[in-house]
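Notes to accompany the following structure.
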2 protein chains.
Amino acid sequence: MNIGDVSTRSGLPAKTIRYYEDIGLIKPRRSENGYRCFVEADLHKLAFLGRARALGFTIEDCRMLMALYEDESRASGDVKQLALEHLSKIETKIADLEAMRDTLTELVHCCAGDSRPDCPILKDLSGKV
Amino acid sequence: MNIGDVSTRSGLPAKTIRYYEDIGLIKPRRSENGYRCFVEADLHKLAFLGRARALGFTIEDCRMLMALYEDESRASGDVKQLALEHLSKIETKIADLEAMRDTLTELVHCCAGDSRPDCPILKDLSGKV
DNA sequence: CTTGACCTTCCCCTAACTGGAGGCCCCAAA
DNA sequence: TTTGGGGCCTCCAGTTAGGGGAAGGTCAAG
């Protein structure tokens, strides 16, 4: 398979696939013409990476997850711990965003949003509360 | 005021303040020795920027908000629109993160997390569902 | 006079790609 | 046989919003 096929089948852009090779996440062989030459196992790895990234794991997390995946004698506890740490970062981000959302929602509700210059949003940002 | 004082009073790191000058958000005068020389108005702007950034507005949003703030004849509707657009981006991010959280939570609950290699998390990532 | 704190500019680094330039490679049509 | 259009290659630069640190100027106190 050439990179275009793998891109279509994995749903990852070709650029991303080359990048993953650059940073050592995959190691496709090369054809004589220099083209990357992917086998099913590469495609499988890329799909794995795509799913892990979609769950918000960082590239370094993905590297560890792949290593664990390929280690037949792994402990599932190691995977779970990684997932739990990631989960707690996600929870933190959600809480931060919710705080922003709540403040903004309140400000937006206070603002007439018409053609007059009086604006509670700017007033709040300027510290005149 | 020197940058250290402004940093303390605004809560922004000196690096950030220099960066904001670099990108034209503030334009402090200079003393004869080359030091930045801040007046109260600068401090006020920086506090404004700090609050807007804390609400998750991008730098470019901040630039527009500042312009609106300084435009006495602005329409509050313009500010409200900016805030509403930002709010919708935040809602989207929250929804994305919540979807990740839910999937991860389920996977974590399915995983024994012990020393055995069998792991539903890796199984899911590998696509064997 | 020296020391230490503070200030300056400059450059590189982050995460995870994305876009583009310049240049091969390959296949099919005219 | 040539030409055209994709697809592929590598390398470089840019993205966000600053952070880290080096090399060097400035200032106040002891």
Side-chain angles (χ1 to χ4, degrees), chain A residues 1-38 42-43 45-46 48-66 85-86 89-90 92-93 96-97 100, chain B residues 1-39 42-43 45-46 48-66 86 89-90 92-93 96-97 100:
Chain A
M1 274 181 286
N2 282 345
I3 201 169
D5 309 316
V6 187
S7 171
T8 304
R9 290 182 61 190
S10 69
L12 296 173
K15 279 274 189 187
T16 299
I17 297 172
R18 290 195 195 98
Y19 174 65
Y20 287 173
E21 184 188 13
D22 257 17
I23 63 176
L25 283 179
I26 52 167
K27 301 187 195 329
R29 298 192 174 281
R30 297 292 178 128
S31 306
E32 295 194 353
N33 58 14
Y35 287 16
R36 286 170 187 82
C37 172
F38 298 84
D42 296 317
L43 181 59
K45 276 192 189 182
L46 287 169
F48 183 101
L49 290 168
R51 274 184 287 263
R53 292 286 301 126
L55 284 177
F57 285 102
T58 66
I59 292 285
E60 287 318 304
D61 285 342
C62 290
R63 202 187 294 280
M64 284 189 277
L65 286 171
M66 289 248 304
E85 281 167 15
H86 179 43
K89 283 177 201 151
I90 289 180
T92 302
K93 275 188 200 165
D96 290 350
L97 286 170
M100 289 181 198
Chain B
M1 272 181 288
N2 282 344
I3 201 167
D5 309 317
V6 187
S7 171
T8 305
R9 292 182 59 190
S10 69
L12 296 173
K15 278 275 190 187
T16 299
I17 297 172
R18 292 196 193 98
Y19 174 65
Y20 287 174
E21 184 189 13
D22 256 19
I23 62 176
L25 283 178
I26 53 167
K27 302 189 194 328
R29 299 193 175 281
R30 296 293 179 128
S31 306
E32 295 194 352
N33 59 13
Y35 287 16
R36 286 170 187 81
C37 172
F38 298 85
V39 296
D42 296 317
L43 180 58
K45 276 192 190 182
L46 287 169
F48 182 101
L49 289 169
R51 274 184 286 263
R53 292 285 301 126
L55 284 177
F57 284 103
T58 66
I59 291 285
E60 287 318 304
D61 285 342
C62 290
R63 200 187 295 279
M64 285 189 277
L65 286 171
M66 289 248 307
H86 178 43
K89 283 177 201 154
I90 289 179
T92 302
K93 273 187 201 165
D96 290 351
L97 286 170
M100 289 181 198

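A note on names: the letters A, B, ... follow the listed sequences, proteins ahead of strands, and every chain is numbered from 1. The basis for the numbers below is simple: all heavy atoms, side chains too, and nothing from hydrogens, waters or symmetry mates.
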* When the distance from CD of A/Glu21 to C1' of D/dT10 is rounded to whole Å, what number comes out? -> 12 Å
* Mind calculating the distance between CZ (B/Arg29) and P (C/dT8) to the nearest angstrom? => 16 Å
* Asked: Does A/Gly4 offer a backbone N or O that forms a donor-acceptor pair with the side chain of A/Asn2 under 3.5 Å?
  -> no
* Carboxylate-amine/guanidinium proximity below 4.0 Å for A/Glu21 and A/Arg18 -> no
* To do: Scan B/Phe57 against the nucleic acid and name what it touches under 4.0 Å (heavy atoms): base, sugar-phosphate only, or nothing.
  => nothing
* Asked: Among D/dT10, C/dC7, C/dT18, which is the nearest nucleotide to the side chain of A/Arg36?
  -> D/dT10
* OP1, OP2 of C/dT18 versus side-chain N and O of A/Thr16: anything below 4.0 Å? -> yes
* In whole angstrom, what separates A/Asp22's CG from C/dT18's P? -> 14 Å
* Between B/Tyr19 and B/Lys15, which is nearer to the 5' end of DNA chain D once each is assigned its nearest nucleotide? -> B/Tyr19
* Structure fact -> Rounded to whole Å, CD1 of A/Ile17 lies from C1' of D/dG7 at a distance of 14 Å
* **Between P of D/dT16 and NZ of B/Lys93, the distance in whole Å** => 13 Å
* Asked: side-chain contact (heavy atoms from CB on, under 4.5 Å) with B/Tyr20: which of B/Lys45, B/Arg53, B/Lys27?
  -> B/Arg53
* Is the shortest side-chain N/O distance from A/Arg53 to OP1 or OP2 of C/dA15 below 4.0 Å? -> no
* To do: Return no unless some side-chain N or O of B/Arg30 is found under 4.0 Å from OP1 or OP2 of D/dT26.
  => no
* Counting just side-chain N and O atoms, does A/Arg18 come under 4.0 Å of either OP1 or OP2 of C/dA16? -> no
* B/Ile59 side chain: which of C/dC17, D/dT10, D/dG18 is closest? -> D/dG18
* **OP1 or OP2 of D/dG25 under 4.0 Å from side-chain N/O of B/Tyr35** => no
* Would you indicate what B/Ile3 reaches in the nucleic acid, counting non-hydrogen atoms under 4.0 angstrom: base, sugar-phosphate, or nothing? => sugar-phosphate
* Starting from C1' on D/dG18, measure out to CD on B/Glu60 and report it in whole angstrom. => 14 Å
* To do: Locate the shortest heavy-atom distance separating B/Leu46 from B/Leu12; write the atom from each residue and the value.
  => O-CD1, 3.5 Å
* Assess whether atom CZ of A/Arg30 is packed by more than 12 heavy atoms of other residues, nucleotides or ligands within 6.0 Å. => yes
* **Side-chain N or O of B/Asn33 closer than 4.0 Å to phosphate OP1/OP2 of D/dC27** => yes
* Asked: A/Glu32 has an atom CD; how far is it from atom P of D/dC9, in whole Å?
  -> 15 Å
